[in-house]
Protein chains: 2
Amino acid sequence: MLRTHNCGELKIKDVGLNVTLCGWLHRLRNLGGMTFIDIRDRYGITQLAFDEKTNKTLCDFAQTLGREYVLQVKGVVKERSSKNPKMPTGDIEIEVNEIKILNKSKIPPFTIEDNTDGGDELRMHYRYLDLRRNIIKLNLSLRHRLSILIRNYMNDNGFMEIETPFLVKSTPEGARDFVVPSRMNVGQFYALPQSPQTFKQLLMVAGFDKYFQLVRCFRDEDLRADRQPEFTQLDCEMSFVEQEDVLQMFEGLIKYLFDKEKGLQFNKFPRLTWEEAMRLYGSDKPDIRFGMKFVEINDEVKGNGFSIFDNAELVVGICAKGCANYTRKQLDELTDFVKRPQVGATGLVYIKCGEDGIKSSIDKFYSVEKLEQIAHKFNAEKGDLILILAGEKGKTRASLSCLRLELGTRLGLRNPNTFAPLWVIDFPLLEWDEETHRFYAMHHPFTAPKPEDYEKLFTHPAEVRANAYDLVVNGVELGGGSIRIHDRKMQNDMFKALGFSEEEAQNQFGFLLDAFEYGAPPHGGIAFGFDRICSVFSGVESIRDFIAFPKNNNGRDVMLDAPSNISLQQLDELNIKLK
Amino acid sequence: MLRTHNCGELKIKDVGLNVTLCGWLHRLRNLGGMTFIDIRDRYGITQLAFDEKTNKTLCDFAQTLGREYVLQVKGVVKERSSKNPKMPTGDIEIEVNEIKILNKSKIPPFTIEDNTDGGDELRMHYRYLDLRRNIIKLNLSLRHRLSILIRNYMNDNGFMEIETPFLVKSTPEGARDFVVPSRMNVGQFYALPQSPQTFKQLLMVAGFDKYFQLVRCFRDEDLRADRQPEFTQLDCEMSFVEQEDVLQMFEGLIKYLFDKEKGLQFNKFPRLTWEEAMRLYGSDKPDIRFGMKFVEINDEVKGNGFSIFDNAELVVGICAKGCANYTRKQLDELTDFVKRPQVGATGLVYIKCGEDGIKSSIDKFYSVEKLEQIAHKFNAEKGDLILILAGEKGKTRASLSCLRLELGTRLGLRNPNTFAPLWVIDFPLLEWDEETHRFYAMHHPFTAPKPEDYEKLFTHPAEVRANAYDLVVNGVELGGGSIRIHDRKMQNDMFKALGFSEEEAQNQFGFLLDAFEYGAPPHGGIAFGFDRICSVFSGVESIRDFIAFPKNNNGRDVMLDAPSNISLQQLDELNIKLK
């Protein structure tokens, strides 16, 4: 080793030791007679001291060193005269007697600090410098620790990690595949897996009983702010289980992670059916760190001549505690907020339960008594503000969900260090797509209908519920899964409900359908977004900084400059050409 | 859970317990009044008993069940009258009082036994059935355990697992890339990584100090028997290290794995320089479970009028202990063996040190005294057989290496349960390619020359040695690595020696060259073939059965039927067409 110690470990007990440290020049201060250098590595920062009086040559040399130079220094550990209690090594410094420059550095294009002056594109271009910042190092350390904890829990509970292939078969169902032209099989393509779903089911057919994998997945979708074309999933499957077994096992995992990583304990996670979640929060991933539940008031408001309410499928509101004093301007802001295209409402009705009586934007249509009756339904007290939206049920709930989260944020009810996990269960099996005029699987086509709803698949497909569940923390879906179909006939029925012909089903998923005929056990599982687990544990919205080398919103790695052109020879060998 | 216990855990202490088991019908025996079923799951096999006398209906029903049916049975644990000490559950059986068929099975196309009657293609087509065989289950269990052990060792030694991207940039150097057309970046392609080499070096530049990853890698090469287009690598890198540090750390890992998995301890692994390995074994991955070292006899044999020896660059042989009694037929077999195109020799000379004196195929040219002198150089004793090849140095060594391994096998010197690890060090930096008339990097272009050889890069490139090392066990290269270049100028020089123009180097590896200008630390590392580690630990040659879903020699997954055609719409979206 080029060092005897790292830059984070020397303490007062080491005073007098001859040491050799290696690291990066983090900061240099020239205080007249004394020069100080902070030397940094992954483990910490140690102060180097150079005294002009005792070694002018070395001190002068030290002053010529630049930021981010890589140094090897030899010296003696000394007790500091002015200690820094904020630094783990703050009691000591190194009286240096030898410096070697291991490598020079150009001046970095941005500062290596938590609050850097570098913009996003610049930091991504020099990602290897960005990764030197402590904040990103902590993120990747958390990711490493969580991966170790996850594997320990899974291993302790009898799960085997089994690697599944990355060069698989393209299936048009679901998101768009990345494909890989095959050189040896002319004109044919592999696909990169969107998830190992079919493989883990085959592993259950093969009798592996309990499987998991921390595995990369790929989706060629237009990227939103917080999506990556490649992402990591904790993928799990169990045989001979019912929904309750899966929920218990993975509630256990999440509790274990919170306990080991954050020292937090939880009671049994609350459970909401999908229907309840939609009715009470307008979302299948409700943030339940705060209440502000939806109150539906169709019965109270209809028939009073206010046509917007009279014509609405749903009139629904929330009660914002202590907000009755909101000004005209604040209310206009909220109205503008709900009218944004992403939120999609056409207007906002308010009822202020002020100290000086009840006031509303719909005074014309509703008497004070009526308004008080409505306020009562919201359990509103003096000082509260009721906000109401109306319209088509699905859209109105979605809009009100946005407003609820916005108010939660404004009122400081969404503390990133508070964690509120819950299960959302009993998802619908199918959802109707207006554009393509067909049903799609809400989770995926391998999810089993609830046995008691199976017959409805042929008569009222929209009403069929599934033994499907999501784990939600702070309004973020961390994972989702289901009990799977293990019966060929049921799987055929499901594909039929999704509009597949028998040929299409056999062509795309024949290997799985065939496998169901050779003794497939009942099974179910779950998959978690691992990048997402990391970001939620850090109380951060974006997953980008929990990924060492992420892509930008155009799917580009700006550091590598990838994707890029390839040679004609490569195209020729692959038997493809550009259009 | 659909079961109270698994099929491997019930013992004599459980007699009297009411249990529910789930599993596959492994075997059914109808012994007149009694019917027995072996029910199997991942954890073992338990015997189910049905007595015609006590429950004829159930017994009759049991007899209708087919192989590989998935069953749920309820019953009582009983002590067996005739125990089976070979089975962990052999003391007990279940007196069944209820059976439920969870799923039926067609008759499997081959038997689910270690020695199955299924051929390779058939087993691969029904891989989910093949995976039910105990032997493959044990392989994948070993793989799981080794992955857990590896991660524990790496974590305990301060390494962080950091995931690197799979959608990267294509670089023509090295093997052929798999590429992925980008939809969002018209006409451009990602590549799948052949290894995370450049990323791990960037992580060192970023200061992560100790990195590892168990990671999939991809190479689009024509597949030999034991190559897969996707394979898994244990990839590692360390900063501020010298070669000795890397060797110590990873010798520690391999010892840890042998200790924990097999209870085997080792002394310090032997080390051979590449030059010694080639001279003594004709291979850079010698199997040192047995001796039979090469003996060079140019000095002894030249100038005696035997033109084949006189004209040869190298005359070299091995001594096969106790083989002097080989018959004409056996010697002909060995001659045929060395003449095979894969071995490539033109003939084989022998010297028999028989009880009745020395005999040779070159008696005409060499006196008995001369032959005895040669035999002496081999330390041959009465009863030994000396086998000699002659010709161009490199080819002759390679041929003799094949012969040595063949003899080792014939003489039973290559016990798969004996493990002989060693390091091969001091590899040449470059190797000359006759076909393309240029130098290639022997490991890869990022390997550093030995400091004392650096200047020869400009004058005698073929003589430059590298701080590069391979870990070899039983003649298999488990891993290899090197101390890397961390200096931009040296990397430029290296690319120049490989025939890159400055533009080409900058275009392909600019991000790494740039990174070297911002404080790159000295660093080095190693990568192991994880599939290979698993197969060597099992004493098996092929890696195929340590991979859950392998590809065949045409790169096809015959179960999925991948690769496959994709739709015109997919091609259109990707802006490519078939040729």
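Proteins get letters first, then strands, A, B, ... in listed order; numbering begins at 1 in each. Since this is a predicted model, take the numbers as computed values, not measurements.
In this structure, no portion of B:N6 lies under 4.5 Å from any heavy atom of chain A. Contacts of B:I107 with chain A are made by backbone atoms alone, with heavy-atom separations under 4.5 Å and no side-chain atom involved. For B:M160, the parts lying under 4.5 angstrom from a heavy atom of chain A are both the backbone and the side chain. Proximity to chain B (any heavy atom under 4.5 Å) is shown, for A:Q569, by neither the backbone nor the side chain. For A:N152, the part lying under 4.5 angstrom from a heavy atom of chain B is the side chain only. Both the backbone and the side chain of B:L560 come within contact range of chain A, with heavy atoms under 4.5 Å apart. For chain B, the nearby parts of A:L202 are the backbone and the side chain; heavy atoms of each come within less than 4.5 Å. Proximity to chain B (any heavy atom under 4.5 Å) is restricted, for A:I162, to the side chain, taken from C-beta onward. For a residue to count as touching a neighbouring chain, one of its non-hydrogen atoms must lie under 4.5 Å from one of that chain's; by this rule B:D561 touches chain A with backbone and side chain alike. Neither the backbone nor the side chain of B:Y211 comes within contact range of chain A; no heavy atoms are under 4.5 Å apart. For B:F549, the parts sitting under 4.5 Å from any heavy atom of chain A are the backbone and the side chain alike. Looking at B:Q213, the atoms closer than 4.5 Å to chain A (heavy atoms on both sides) all sit in the side chain, from C-beta outward. Looking at B:R176, only its side chain comes within 4.5 Å of chain A, counting heavy atoms on both sides. Neither the backbone nor the side chain of B:E244 comes within contact range of chain A, judged by heavy atoms closer than 4.5 Å. Using a 4.5 Å cut-off between heavy atoms, B:L578 contacts chain A through both its backbone and its side chain.
Cation-pi geometry between B:R216 and A:F166 is satisfied (NZ or CZ under 6.0 Å from the ring centre, within 45° of the ring normal). Cation-pi check for B:K210 over B:F159 is met; the charged atom lies under 6.0 angstrom from the ring centroid and within 45 degrees of its normal.
Annotation: side-chain contact (heavy atoms from CB on, under 4.5 Å) contacts of A:N185 (sequence neighbours excluded): A:S182, A:Q188, A:Y190, B:R556, B:P563. For A:K137, the side-chain hydrogen bond (donor to acceptor under 3.5 Å, both in side chains) criterion is met by A:N134, not counting sequence neighbours.
The side-chain heavy atoms of B:Y69 and B:N103, taken from C-beta on, include no pair separated by under 4.5 Å.
Closest approach of A:V205 to A:A520, counting heavy atoms only: CG2-CB, 3.8 Å. Annotation for B:P181 and B:I576: closest pair CG-CD1, 4.1 Å, computed over non-hydrogen atoms. For A:M184 against B:D222, the heavy-atom pair with the smallest separation is SD-OD1, 3.9 Å.
Most heavy-atom pairs under 4.5 Å with chain A, from the set B:Q248, B:E242, B:K577, B:R145: that is B:K577. When each of B:L140, B:D514, B:L192 is checked for heavy-atom pairs under 4.5 Å with chain A, B:L140 comes out on top. Per-residue counts of heavy-atom pairs under 4.5 Å with chain B were compared for A:Y126, A:F516, A:F218, A:F199; the largest is that of A:F199. Interface remark: of the candidates A:C22, A:A548, A:A562, A:C22 forms the most heavy-atom pairs closer than 4.5 Å to chain B. Options B:R143, B:R183, B:E163 differ in how many heavy-atom pairs under 4.5 Å they form with chain A, and the most are formed by B:R183. Of the listed residues (B:G187, B:A515, B:G555), the greatest number of heavy-atom pairs within a distance under 4.5 Å of chain A belongs to B:A515. Contact tally against chain B (heavy-atom pairs below 4.5 Å) for A:L25, A:D41, A:L167: the top residue is A:L167. Interface check for chain A: of the options B:I547, B:N554, B:L214, the most heavy-atom pairs under 4.5 Å are formed by B:N554. Each of A:M559, A:K551, A:M204 has some count of heavy-atom pairs under 4.5 Å with chain B, and the biggest count is that of A:K551. Contact count versus chain A (heavy atoms, under 4.5 Å) is highest, among B:V241, B:V180, B:L71, B:D130, for B:V180. Taking A:E68, A:K104, A:K169 one by one and counting their heavy-atom pairs under 4.5 Å with chain B, the maximum is reached by A:K169. Heavy-atom pairs under 4.5 Å with chain B were tallied for A:S567, A:P521, A:P165, A:S564; the largest tally goes to A:S564.
Between the A:R42 side chain and the B:F208 main chain, a donor and an acceptor come within less than 3.5 Å of each other. The backbone N or O of A:K489 sits less than 3.5 Å from a side-chain atom of A:D487, completing a donor-acceptor pair. The backbone N or O of B:K579 sits nowhere less than 3.5 Å from a side-chain atom of A:N575 that would complete a donor-acceptor pair. Here the side chain of A:D177 pairs no donor or acceptor atom with the backbone of A:S170 at under 3.5 angstrom.
In summary, A:D557 and A:R127 do not engage in a salt bridge, as defined by a charged side-chain N under 4.0 Å from a carboxylate O. Salt bridge status for B:E161 with A:R151: present, with a side-chain N to carboxylate O gap under 4.0 Å. Ionic pairing of B:R3 and A:D209 is present here: one or more N-O contacts between side-chain nitrogen and carboxylate oxygen are shorter than 4.0 angstrom. Under 4.0 Å is where a charged nitrogen must lie from a carboxylate oxygen, and between A:K106 and B:E517 at least one such pair does.
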